[in-house]
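Here the structure is laid out as structure tokens; the discussion comes afterwards.
Chain letters run A, B, ... following the sequence lines, proteins first and then strands; every chain starts at 1.
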Amino acid sequence: MRADVGAQLRKGVVEYCVLGLLAREPMYGWQLSETLVTRGLIASIGTLYPMLTRLRTQGLVSSFDEESDAGPVRKYYRLTDAGIRELAEFRLQWAPFSRTVDELIEEEHRVEEHHAKERNVEEDHHA
Amino acid sequence: MPDPVQPQVVRSYLSELQAALIGVPTEVSDEIVAGIAEELSGLDAATAATRIEGLGDPMFIAAEARTEAGVPAAAGQGAGASGVGAAAGGAAAGGTVIGGAAGTQTAADPRWYTVVASLFVALGGVVIPVLGWIVGIAMVWLSKSWRTWEKWVATVLPFTVVLVAWLGGALVDLLSQGGSPESGGLYEPQFGNVSPMSSLFLIVLINVIVGIWLLWRALRR
């Protein structure tokens, strides 16, 4: 179960990360893939395109072709109005959610720290 | 389609990738191949090889795509697909997808569907004039067995060939009228070299060829 935690967490948020990246600027597939792979959010470009297809089907993302000065014609992806709204909604939920998780994890961490300190004091006392 | 000016390393990689992506919904596999091809386009062999190394094994990419698209590993082929797909499979099944069940996509069509659709395209118009062919083309467009460009070829090729034949006929008429002394007046296209019967025969012939081609394209994957 522990090994799956990272994958589960990534899976839950990676689509919103794509929306977040596209909110900054339109990006092409390779560019998106490089960014997400570097950050450890996806394993390969193979994960990205089904996600983009899904986002486009849902009307959150649209694509357009643009010719670059030196390179090939690229397919760029950008957020639609629905995508902007979806991202805004997620931002509203994410902040309190991550704060709550932080608090709960930290609480447990503090309890452990407290127990450890108590054990140390007892050991010193016996010594 | 392979670009003849691409370095060999790029052509090989894209072919391997295309083969590995069998079972992935056509829309997705087309986008993956096109996205990678556009990035590798115009690069020399050495630079392309470096990029390809960074991309990774086509089987791995295909397995990831299959998992993300919700296609069962059995729908793909090749030994490499199963291991990686299985590793990430649990995450895909339990992952959060914006909009709920939108991630569910089906694999390629059953073989009988592919055969029937190809037969309708080839002979449907002969058995039930016009309507039979329309049914065949509709089945092709609804199918995941063919890529979008193949569907377009199947749809427009018969008309394009007839149009080209007509224009060719008209050009011959124009040239012959232009060269004759009694032509004098305005040019009136006759399309005389291609009669309606010939056009019909041409459409039937092209549809048979297109049907066979569609079947061959789908079954070789």
Side-chain angles (χ1 to χ4, degrees), chain A residues 1 3-19 27-34 36-38 42-61 63 65-68 70-77 82-83 85-87 89-90 93, chain B residues 3 6 17 20-21 24-43 47 51-52 54-71 76 80-81 84-85 87-105:
Chain A
M1 180 180 169
D4 282 340
V5 171
Q8 293 288 351
L9 286 174
R10 282 193 293 274
K11 198 76 194 169
V13 296
V14 70
E15 290 190 358
Y16 294 100
C17 294
V18 170
L19 297 186
M27 294 172 84
Y28 53 91
W30 187 289
Q31 195 182 9
L32 270 168
S33 168
E34 290 275 281
L36 294 169
V37 169
T38 306
I42 61 171
S44 80
I45 200 166
T47 312
L48 176 71
Y49 280 99
M51 206 156 49
L52 286 174
T53 304
R54 215 155 48 220
L55 292 173
R56 203 170 42 194
T57 306
Q58 292 163 30
L60 304 177
V61 159
S63 61
D65 290 335
E66 191 166 288
E67 204 165 340
S68 58
V73 175
R74 292 188 191 280
K75 181 181 266 189
Y76 280 81
Y77 298 87
R85 284 195 299 273
E86 184 79 29
L87 180 63
E89 180 67 29
F90 179 74
Q93 293 190 27
Chain B
D3 177 353
Q6 284 173 331
L17 185 63
L21 285 168
V24 174
T26 314
E27 189 187 359
V28 174
S29 63
D30 281 353
E31 290 234 345
I32 294 174
V33 174
I36 291 175
E38 80 182 19
E39 189 60 29
L40 298 177
S41 142
L43 299 180
T47 317
R51 292 274 175 105
I52 285 170
L55 267 174
D57 185 1
M59 295 301 275
F60 174 67
I61 293 174
E64 287 281 310
R66 211 168 278 125
T67 304
E68 183 66 28
V71 178
V84 184
T96 306
V97 173
I98 298 175
T104 53
Q105 295 194 37

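- Proximity to chain B (any heavy atom under 4.5 Å) is shown, for A:Phe90, by neither the backbone nor the side chain.
- Contact detail for B:Ala65 and A:Pro50: the closest heavy-atom pair is O-CG, 3.7 Å.
- When side chains are defined from C-beta on, B:Leu55 counts as touching A:Trp30, because their heavy atoms get closer than 4.5 Å.
- Taking A:Glu66 as the reference, A:Phe64, A:Tyr76 meet the side chain to side chain contact (heavy atoms under 4.5 Å, CB included) condition, with sequence neighbours excluded.
- Atom-to-atom distance recorded for B:Glu31:CD and A:Thr53:OG1 is 4.5 Å, nearest 0.5 angstrom.
- Screening A:Thr47, A:Ile45, A:Leu48 for a side-chain contact (heavy atoms from CB on, under 4.5 Å) involving B:Ile61 leaves a single residue, A:Ile45.
- Two residues are said to be in side-chain contact when any heavy atoms from C-beta on lie closer than 4.5 Å; A:Arg56 and B:Glu27 meet this criterion.
- Smallest separation of non-hydrogen atoms from A:Tyr49 and B:Ile32: CB-CG1, 3.4 Å.
- Closest heavy-atom contact between A:Lys75 and B:Glu38: N-OE1, 3.2 Å.
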